[in-house]
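Below: the structure, in structure tokens.
The chains referred to below are lettered A, B, ... by the order of the sequence lines, with proteins before strands, and numbering in each begins at 1. Worth saying up front: this structure is predicted, and the values here are computed from it rather than measured.
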2 protein chains.
Amino acid sequence: MSTETQDSAPRRRGRRPAGEDTRRALLEAARRSFAEHGFAGATVRAMAAEAGVDAAMVNHWFGGKEGLFAAAMELPVDPKQISEMLLTGPIEEMGERIVRTFLGVWDGGGGGAFVALMRSASSNENAARMLREFISTMVFGPIAKRVGPDHPDLRASLCGTQIAGLGMVRYVIKLEPLASADHDALAATVGPNLQRYLTGDLGL
Amino acid sequence: MSTETQDSAPRRRGRRPAGEDTRRALLEAARRSFAEHGFAGATVRAMAAEAGVDAAMVNHWFGGKEGLFAAAMELPVDPKQISEMLLTGPIEEMGERIVRTFLGVWDGGGGGAFVALMRSASSNENAARMLREFISTMVFGPIAKRVGPDHPDLRASLCGTQIAGLGMVRYVIKLEPLASADHDALAATVGPNLQRYLTGDLGL
DNA sequence: CGCGTTATTCAACACTTGCGGAAATAATGG
DNA sequence: CCATTATTTCCGCAAGTGTTGAATAACGCG
């Protein structure tokens, strides 16, 4: 769409001049396309075209559509890094910090990564399992273990509902005014609710 | 793949004997298949086969794949009915009541519909818009108008995050122990958070 | 400069998709 | 009991899918 550098002459064969990063272009187009159309809906040809490259490059670089999907779905930051970032600082501010951390990560990539994740989770049972394991072991597990004296796993699940719902409404459904709200407002509003899930009385 | 019970004799041609409801069978199969594979992933042939019917019936009855999708996606309950149910009773118990209402609808066979809805919303911008309008005008709009003195729309969006996230974690990601928690426990835990979004201090 | 290696495109494959037309059959009404 | 109509199946088409193999061009090393 953007770089229309095609001369009308069909592109010459063989290796292209150096400097162009086919792999990266392919990955970008794949993230966008998978997020919009899902795994089955996105076509290799369209993604390759968007990257300005032949479809065969998908096979060459990623070994097929699935490989490209796996590569495109890798999380934008290191999970361990997130977990550490969340665990630093005073416990009573953890709710707000979690909100800010996730918003920072997701807004950085335009939310596309989140959409793709949710989408693949609801289509692919395998992806759902991966997401489930990732969430429980990498993110909320350690957190809940540190803060929840009574029902740590339930607390983690509850936090999951608030975070997933936040992403859902902000990036997928795009319900206003939340979709356009700034990080401060969201930290102030959903932070306390998260905090209750973490350290508050659950009423059980 | 699963049911290989086809008698080897090819099905007889022409109109089937009365009593069989092709349309309904097609709809059921479509709901299941769309929920599992999404719009692009589900194939007309597979759905027709699951319904024990020829694929041409999709064209005949619904005018194509999209028509079948639209017909299959209609909500399992009347939206107005939900909204009314939510609005009855004292305001200070509204959080719990909302949780119980949605859990009742979804657990009562609607879990699949929720998954399908989320899935189509994250794949199809059109579906996302429908869901957005449905939520804001039919469900949370009236509610927020009744309870929120200061930021009614933001309150509605926030409620949306908690409800969508609850469905997400319970039916899509299936994070335990929340996925198997009973309605009482969830009403006690997420009810108060919803209540804060409705009538509490948002900290703005 | 020559030459193997790597990156890239093209053409074609085998396959599946949604869809429309024609034939076949059952229900219906006179 | 026959003519009509609605419903269903079969068949095949055109388009689009992911993938493969061969051809070609640029690169990097000697």
Side-chain angles (χ1 to χ4, degrees), chain A residues 3 5-30 33-34 36-73 120 123-124, chain B residues 1 6-30 33-34 36-73 120 123-124 126:
Chain A
T3 58
T5 25
Q6 352 276 33
D7 15 357
S8 54
R11 196 198 309 274
R12 292 196 10 254
R13 286 250 208 129
R15 185 172 188 150
R16 294 158 81 190
E20 322 208 11
D21 197 341
T22 306
R23 223 188 99 100
R24 192 171 312 272
L26 223 31
L27 269 181
E28 275 179 37
S33 203
F34 279 133
E36 186 173 347
H37 303 111
F39 182 77
T43 72
V44 170
R45 284 173 147 88
M47 293 184 285
E50 184 178 328
V53 164
D54 191 272
M57 301 317 295
V58 170
N59 262 22
H60 191 346
W61 285 108
F62 304 96
K65 191 189 188 185
E66 294 188 5
L68 176 59
F69 180 73
M73 278 312 114
S120 55
S123 57
N124 193 320
Chain B
M1 315 290 191
Q6 326 302 2
D7 14 348
S8 50
R11 193 197 308 275
R12 291 195 17 251
R13 290 253 218 135
R15 188 175 183 148
R16 297 158 81 191
E20 321 205 13
D21 196 340
T22 305
R23 224 188 100 100
R24 192 172 312 271
L26 223 30
L27 269 181
E28 275 180 38
S33 201
F34 278 134
E36 186 174 345
H37 304 110
F39 181 77
T43 72
V44 171
R45 284 172 147 85
M47 291 186 284
E50 184 177 329
V53 163
D54 191 272
M57 302 318 296
V58 171
N59 264 10
H60 187 37
W61 284 107
F62 303 97
K65 191 187 188 185
E66 295 186 4
L68 177 59
F69 179 74
M73 276 313 114
S120 54
S123 57
N124 192 315
N126 209 351

Item to check | F69(A) CZ to dT19(D) P, straight-line distance once rounded to whole Å | outcome: 14 Å

Checklist entry - NE2 of H60(A) versus P of dC10(C): gap in Å, rounded? => result 15 Å

Next on the checklist: Looking at every heavy atom in both L26(B) and M47(B), which two are closest together, and how far apart are they?
Outcome noted: CD1-O, 4.3 Å

Next on the checklist: Given dT9(C), dT9(D), dG18(C), identify the nucleotide with an atom nearest to the side chain of M57(A).
Outcome noted: dT9(C)

Item to check | Side chain R45(A) and base dG16(D) donor-acceptor under 3.5 Å | outcome: no

Next on the checklist: When you compare the side chain of V58(B) with that of H60(B), does any pair of heavy atoms fall below 4.5 Å?
Outcome noted: no

Next on the checklist: Does dG18(D) have OP1 or OP2 under 4.0 Å away from a side-chain N or O of N59(A)?
Outcome noted: no

Identify each donor-acceptor pair in which a side-chain atom of residues 62-72 of chain B lies under 3.5 Å from a protein atom, sequence neighbours left out, and give them as a table.
residue: K65(B); atom: NZ; partner: F39(B); partner atom: O; Å: 2.8
residue: K65(B); atom: NZ; partner: A42(B); partner atom: O; Å: 2.9

Next on the checklist: Check the phosphate of dT8(D) against W61(B), side-chain N and O only, distance under 4.0 Å to OP1 or OP2. Yes or no?
Outcome noted: yes

Checklist entry - Hey, is the side chain of T22(B) poking within less than 4.0 Å of OP1 or OP2 on dT7(D), counting only N and O atoms? => result no

Next on the checklist: Nearest whole Å is fine: how far is dC27(D) C1' from D21(A) CG?
Outcome noted: 16 Å

Checklist entry - What is the distance, rounded to the nearest whole Å, between atom CG of D54(A) and atom C1' of dA25(D)? => result 15 Å

Next on the checklist: Counting the atoms with a prime plus P, OP1 and OP2 as sugar-phosphate, which does A42(A) contact under 4.0 Å by heavy atoms, base, sugar-phosphate, or nothing?
Outcome noted: sugar-phosphate

